[in-house]
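Here's the structure we're looking at; comments come further down.
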Amino acid sequence: QISGPVRPPGLFGLPRPTGPEAGPSGSVSEIYLYADSRSPNYPSKAAHLISETDLFTGVRFLYHMYGSKMGSLAVEVQAGGGVWMRVWHKDGQQQTSAGDAWREADVVFPATAERVRLVYVTGTLAFGDAAIGRVTVFQTSVMSSPFPSPSPLPSTSPSPSPATSPSPGYRLRVCDFTQEEIHGDSTHFCWGLWTTPHQGAEVDLEWRARSGGTPTTNTGPD
């Protein structure tokens with residue numbers, strides 16, 4: 001569920017060693033998802049955010065990976081109930097401070113996929129609170145249509161660049177994770193568009209909705 005208020009600065013006033021300072025647009029009240037890297041959630045514990053079944057040609061999202069023990073974040077796709085195939089990934093720390101701007105990923109799938117998942121695997125220790133926000137999927141029934149060109153990344157502002165209008169036959173579905181429902185051993189976001197299995201159900205770890213700071217002791221955003 002959405003977690004509590006913004007915390008005061010780090011222990012003894014030290015800078016926080018992992019996590020974003022605020023949501024993707026720079027607001028401390030903006031909701032995002034994070035993977036909690038506190039013990040026993042390391043090493044190599046996986047959190048999955050899985051889409052509903054449909055026809056997908058790409059995904060765009062914002063991510064923040066600041067922390068000296070950051071793990072890896074990947075996008076994987078599945079077609080016909082087959083094996084999951086990795087189509088994008090980032091390993092290790094990608095930002096240099098908690099206040100750095102979120103980065104944008106624009107992932108074009110090599111072929112139309114029926115399911116998409118975002119997977120984070122923790123690193124060796126607790127300083128690896130990865131975060132994702134504002135996830136947009138591109139859906140279509142026209143497999144041959146071109147994917148829209150990615151929008152440019154912001155140079156100095158933490159605000160994300162606007163999504164490019166899709167080509168005819170495409171539909172964009174944006175999830176900002178403000179709508180959340182718990183169903184048994186999983187949590188659904190955006191009316192079932194995305195699901196994260198609960199920790200201990202199918203996976204080692206789960207994505208959790210959050211505004212403000214992550215709860216890891218002396219870690220995460222301000």
Side-chain angles (χ1 to χ4, degrees), residues 20 23-25 31-35 46-66 70-95 100-122 128-155 158-177 189-190 192-197 203 205-207 209:
S25 68
I31 303 300
Y32 59 89
L33 297 188
Y34 82 101
H48 292 175
L49 183 68
I50 308 170
S51 76
E52 64 181 10
T53 300
D54 207 316
L55 294 177
F56 301 100
T57 59
V59 64
R60 172 180 296 149
F61 62 96
L62 295 156
Y63 64 94
H64 201 286
M65 298 175 68
Y66 168 61
M70 188 62 62
S72 63
L73 178 65
V75 176
E76 298 177 348
V77 296
Q78 183 187 56
V83 299
W84 289 94
M85 179 178 68
R86 178 181 288 189
V87 293
W88 178 96
H89 75 281
K90 292 290 182 181
D91 296 321
Q93 179 171 275
Q94 301 298 311
Q95 277 87 354
D100 279 0
W102 290 58
R103 297 187 180 185
E104 185 180 73
D106 248 306
V107 187
V108 181
F109 303 155
T112 300
E114 293 179 0
R115 298 181 82 192
V116 184
R117 70 182 182 186
L118 278 70
V119 180
Y120 176 65
V121 179
T122 58
D129 289 354
I132 56 175
R134 201 167 304 167
V135 180
T136 301
V137 285
F138 292 80
Q139 296 173 297
T140 184
S141 58
V142 185
M143 296 179 63
S144 60
S145 297
F147 188 80
S149 300
S151 54
L153 291 176
S155 55
S159 300
S161 52
T164 306
S165 298
S167 302
Y170 282 85
R171 180 169 67 135
L172 292 106
R173 295 183 66 187
V174 182
C175 184
D176 58 10
F177 304 108
F189 299 101
C190 299
L193 175 59
W194 295 100
T195 297
T196 182
V203 295
L205 190 57
E206 64 191 85
W207 290 102

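This is a predicted model, so every value here is computed, not measured.
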Interatomic distance, [X] atom [atom1] to [Y] atom [atom2] [nearest 0.5 angstrom]:
{"X": "Lys90", "Y": "Ser72", "atom1": "NZ", "atom2": "OG", "answer": "12.5 Å"}
{"X": "His48", "Y": "Arg117", "atom1": "NE2", "atom2": "CZ", "answer": "4.5 Å"}
{"X": "Tyr63", "Y": "Glu104", "atom1": "OH", "atom2": "CD", "answer": "9.5 Å"}
{"X": "Asp100", "Y": "Met65", "atom1": "CG", "atom2": "CE", "answer": "13.5 Å"}

Distance-only, no hydrogens or angles: does the [X] side chain make a donor-acceptor pair with backbone N or O of [Y] under 3.5 Å?
{"X": "Tyr120", "Y": "Gly71", "value": "yes"}
{"X": "Glu114", "Y": "Thr53", "value": "no"}
{"X": "Thr57", "Y": "Gln139", "value": "no"}
{"X": "His64", "Y": "Tyr34", "value": "no"}

Within the 6.0 Å centroid threshold, strictly below: Trp207 and Phe177: no
[X] vs [Y] side-chain heavy atoms within contact, under 4.5 Å:
{"X": "Phe109", "Y": "Val116", "result": "yes"}
{"X": "Leu33", "Y": "Phe189", "result": "yes"}
{"X": "Phe61", "Y": "Leu118", "result": "yes"}
{"X": "Trp88", "Y": "Val59", "result": "no"}
{"X": "Pro110", "Y": "Met85", "result": "yes"}

Please find the pair of heavy atoms, one from [X] and one from [Y], that lie closest to each other, and give the distance.
{"X": "Leu62", "Y": "Pro24", "value": "CD1-CB, 3.6 Å"}
{"X": "Gly133", "Y": "Trp102", "value": "N-CZ3, 3.6 Å"}
{"X": "Arg60", "Y": "Asp106", "value": "NE-OD1, 2.8 Å"}
{"X": "Leu205", "Y": "Ala35", "value": "CD2-CB, 4.1 Å"}
{"X": "Ser25", "Y": "Arg134", "value": "CB-NH2, 3.9 Å"}
{"X": "Gln94", "Y": "Arg103", "value": "O-NH2, 2.6 Å"}

The criterion is side chain to side chain donor-acceptor pair (under 3.5 Å); which residues satisfy it with Gln93, sequence neighbours excluded? none
Those residues that, when tested against Gln78, pass side chain to side chain donor-acceptor pair (under 3.5 Å) (two or more places apart): none
Please enumerate all residues that pass side-chain contact (heavy atoms from CB on, under 4.5 Å) together with Asp176, with sequence neighbours excluded. Thr178
Begin with the C-alpha distance, continue with both residues' side-chain angles, and end with the deciding distance and a verdict on side chain to side chain contact (heavy atoms under 4.5 Å, CB included) for Ile132 and Leu73. CA-CA 10 Å; Ile132 56 175; Leu73 178 65; 4.0 Å; yes
